[in-house]
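Okay, structure first, notes after.
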Protein chains: 2
Amino acid sequence: MSSSPPTAKRKLQPGESDGAAEDISGWSGCAACPLRERGFCAVLLQEREGVLDLQRREHMVRARQHLYRAKDKARHIAIIREGIAFRYVVVPDGRRQILSFALPGDFLSTSFLARDTANFSVQALTPVRMCVFDKADLQRFIREEPNAIGAFFEMCVLEKERYEAQIVDLGRRNSDERIARFLIQFATHFGWTGEDGFSFAFPVRQQHMADLLGLTQVHVSRVVSKFRRAGLIELSGGLLQIVDANGLRTAAGVRNN
Amino acid sequence: MSSSPPTAKRKLQPGESDGAAEDISGWSGCAACPLRERGFCAVLLQEREGVLDLQRREHMVRARQHLYRAKDKARHIAIIREGIAFRYVVVPDGRRQILSFALPGDFLSTSFLARDTANFSVQALTPVRMCVFDKADLQRFIREEPNAIGAFFEMCVLEKERYEAQIVDLGRRNSDERIARFLIQFATHFGWTGEDGFSFAFPVRQQHMADLLGLTQVHVSRVVSKFRRAGLIELSGGLLQIVDANGLRTAAGVRNN
DNA sequence: CGTTGGCTTGATAATCGTCAATTTTAGTGG
DNA sequence: CCACTAAAATTGACGATTATCAAGCCAACG
């Protein structure tokens, strides 16, 4: 009856089970924060028209450390200031699925506002600097500032829409399309506006792409190599360059022209 | 460069492009509604401690009719009272992906509270009776009743969690597991508590399962037949019976005992 | 300079899709 | 109630996509 799994089983990588983040440094303030104007922080600042009086701290975690472990009780709510993290779940037999990436300005999930725990874990992909609020504190803030909840609701809906897109990718697009679309999305998030030659830091490993897109690392390697040989992208040394934007869009299944 | 699609292309079925729902009948009230005590309606009733004074109507739509079409401006917000609908997306080359089912008590997406439009369409799978609120009306209600928004936020988070589970299924589970898990979920939603022999109305076609689970109808047929031959389920005449619960759970990749 | 993590590549195989024919089931009108 | 028709499901043969296994390469780094 049971057939073998369709996707790669992953062994735990060394260093992967690092403890939770605990490197707490001082608070450097919002004034210098590049996120001041964006996302949730913008809402906060807007609400109070000036300085925020929420309790907060700044954490710094190394790459591969966990920001949160599935089923743990979350006492804090964090927002990413610098770096990249990812939310993932591991199925019983060891296969890993990445749900989404958390990029600067992203919440470590709006879910924690309504839930004490989550089914996914969160791990730093690069070193991550984050801003941590006490959960009870933030909930009080929300009660006092009726407009804030709207902002959270908005964020929640946005996460949901991202998931919807990902479900369509996983269910109905082949590996070429998934990978090309991921690269495009990622580049777009980092300021790409569609032109040829755009180049940016790309710390994502093939294993991450595989686990996000429901593929194996080996297959991702083949497709990336194919894209490279076809002159669509250049990818080495942690730098990704979009060489042929139209070509990449075509590979992604987007109709150009 | 481009390879052929991984999944079935679907031709539009006859009758599938029916117009939007317009069969408006009178309002039969909340008193007799089986959903009175559950989900959003419970929240509404709790808020006002008695009768709701929101404008509303009752719509009845036939199977295969659309409750909403992607990109349309949504003026209403609906809650399903009876029947089953599904949210889906069609990718440019005709492949369809079902995002989720909407069952009695479910909202026709919390997204519409924050958005005018959605990227998915919603279609009735069976005849659907739904309760329709005017969007502006409901938004006013939310502003006046500060606790209501919390309930919506909660629902939004719940939808998100369902999507997370589905992403894991699509990315990291094989067809047997996906189908078995879907059957289990569905049965559970309709009152199954895990015992052998549970039987219930199952109006879902193989094409729906295929489009939900990222498979083809043909492959779903094979797996369902296999389950049947293995004595796990009985499925015919729109009735599904769970014959061997443990066997089905095993097929789903859940460790028994 | 050996070790480690990440990537590449080849050979082979499993899963799942495609195509097409056929049967079964459900629905409709006489 | 039967005949007819459309929809849905089944089945077989075949093929494509993607996984698995395994070996080797490369660059970073202590």
Side-chain angles (χ1 to χ4, degrees), chain A residues 1-16 63-64 93-96 125 170-179 202-211 213-229 233-240, chain B residues 1-16 62-64 93-96 125-127 170-179 201-211 213-229 233-240:
Chain A
M1 174 76 4
S2 71
S3 41
S4 60
T7 51
K9 291 187 191 161
R10 259 182 81 268
K11 292 145 206 88
L12 202 65
Q13 304 295 326
E16 198 157 18
R64 298 171 147 257
D93 68 355
R95 291 170 281 177
R96 179 174 78 171
L125 193 155
L170 288 172
R172 292 296 184 220
R173 286 194 236 264
N174 64 29
S175 58
D176 284 20
E177 292 170 319
R178 287 184 228 177
I179 291 174
F202 189 79
V204 182
R205 307 270 142 240
Q206 292 184 348
Q207 184 68 60
H208 296 122
M209 288 196 256
D211 289 343
L213 303 174
L215 305 167
T216 58
Q217 178 269 319
V218 173
H219 192 68
V220 170
S221 169
R222 286 190 227 277
V223 174
V224 166
S225 296
K226 185 169 72 169
F227 284 177
R228 203 162 14 215
R229 276 195 301 275
I233 61 171
E234 198 99 349
L235 176 50
S236 67
L239 218 70
L240 170 62
Chain B
M1 172 77 5
S2 70
S3 41
S4 61
T7 52
K9 290 185 190 165
R10 259 183 83 268
K11 291 143 206 94
L12 202 64
Q13 303 296 325
E16 199 157 20
R62 293 189 299 276
R64 296 171 149 256
D93 68 356
R95 292 169 282 176
R96 178 175 79 169
L125 192 155
T126 65
L170 288 171
R172 292 293 184 223
R173 285 194 236 264
N174 65 28
S175 58
D176 283 21
E177 293 171 318
R178 286 184 229 177
I179 292 174
F202 189 78
V204 182
R205 307 266 143 244
Q206 292 184 348
Q207 184 68 60
H208 295 124
M209 288 197 256
D211 289 343
L213 303 174
L215 304 167
T216 58
Q217 178 270 318
V218 173
H219 192 68
V220 170
S221 170
R222 286 190 227 276
V223 174
V224 166
S225 296
K226 186 169 69 169
F227 284 178
R228 202 164 13 217
R229 275 195 301 275
I233 60 171
E234 199 97 348
L235 175 50
S236 68
L239 217 70
L240 171 62

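A, B, ... follow the sequence lines: proteins, then strands. Residue 1 opens every chain.
Of the possible polar contacts, one joining the B:Arg178 side chain to the B:Leu213 backbone as a donor-acceptor pair under 3.5 Å is found. Judged by distance alone, the side chain of A:Arg228 and the main-chain N or O of A:Leu235 form a donor-acceptor pair under 3.5 Å. Of the possible polar contacts, none joining the B:Ser221 side chain to the B:Gln217 backbone as a donor-acceptor pair under 3.5 Å is found.
Annotation: side chain to side chain contact (heavy atoms under 4.5 Å, CB included) contacts of B:Val218 (sequence neighbours excluded): B:Thr216, B:Arg222. Residues satisfying the ring-ring contact (aromatic ring centres under 6.0 Å, His included) test with B:His208, not counting sequence neighbours, are B:Phe86.
In this structure, B:Leu125 places its CG atom 16 Å from P of D:dA7, rounding to the nearest Å. Here D:dT17 presents its P atom at 14 Å from CG of A:Leu215, a figure rounded to the nearest Å. Going from atom CG of B:Leu170 over to atom P of D:dT18 covers 14 Å, rounded to whole Å. For the pair A:Met209 CE and D:dA19 C1', the interatomic distance rounds to 18 Å; values are reported in whole Å. Look at CZ on B:Arg172: it is 16 Å from C1' on C:dC16, rounded to the nearest Å. Between B:Arg178 atom CZ and C:dG17 atom P the separation is 8 Å, expressed in whole Å. Taking atom CZ on B:Arg64 and atom P on D:dA6, their separation rounds to 14 Å, with Å as the unit. Rounded to whole Å, atom P of C:dG17 lies 11 Å from atom CD of B:Gln207.
Nearest approach of B:Leu215 to A:Arg172, heavy atoms of both residues: O-NH2, 2.8 Å.
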Subject >> Contact state string [nucleotides 10-15 of chain D, B base, S sugar-phosphate only, - no protein heavy atom under 4.0 Å] >> reply: BBBB--
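As judged by a 4.0 angstrom heavy-atom cut-off over every strand, B:Gly237 is placed among residues touching the sugar-phosphate backbone only.
Here the nucleotide nearest the side chain of B:Arg205, chosen from C:dC7, D:dA9, D:dA7, is D:dA9.
Between B:Asp93 and B:Arg95 there is a salt bridge, with a side-chain nitrogen of the basic residue lying less than 4.0 Å from a carboxylate oxygen of the acidic one.
Listed pair B:Thr216 / C:dC16 fails the phosphate criterion, with no side-chain N or O lying under 4.0 Å from OP1 or OP2.
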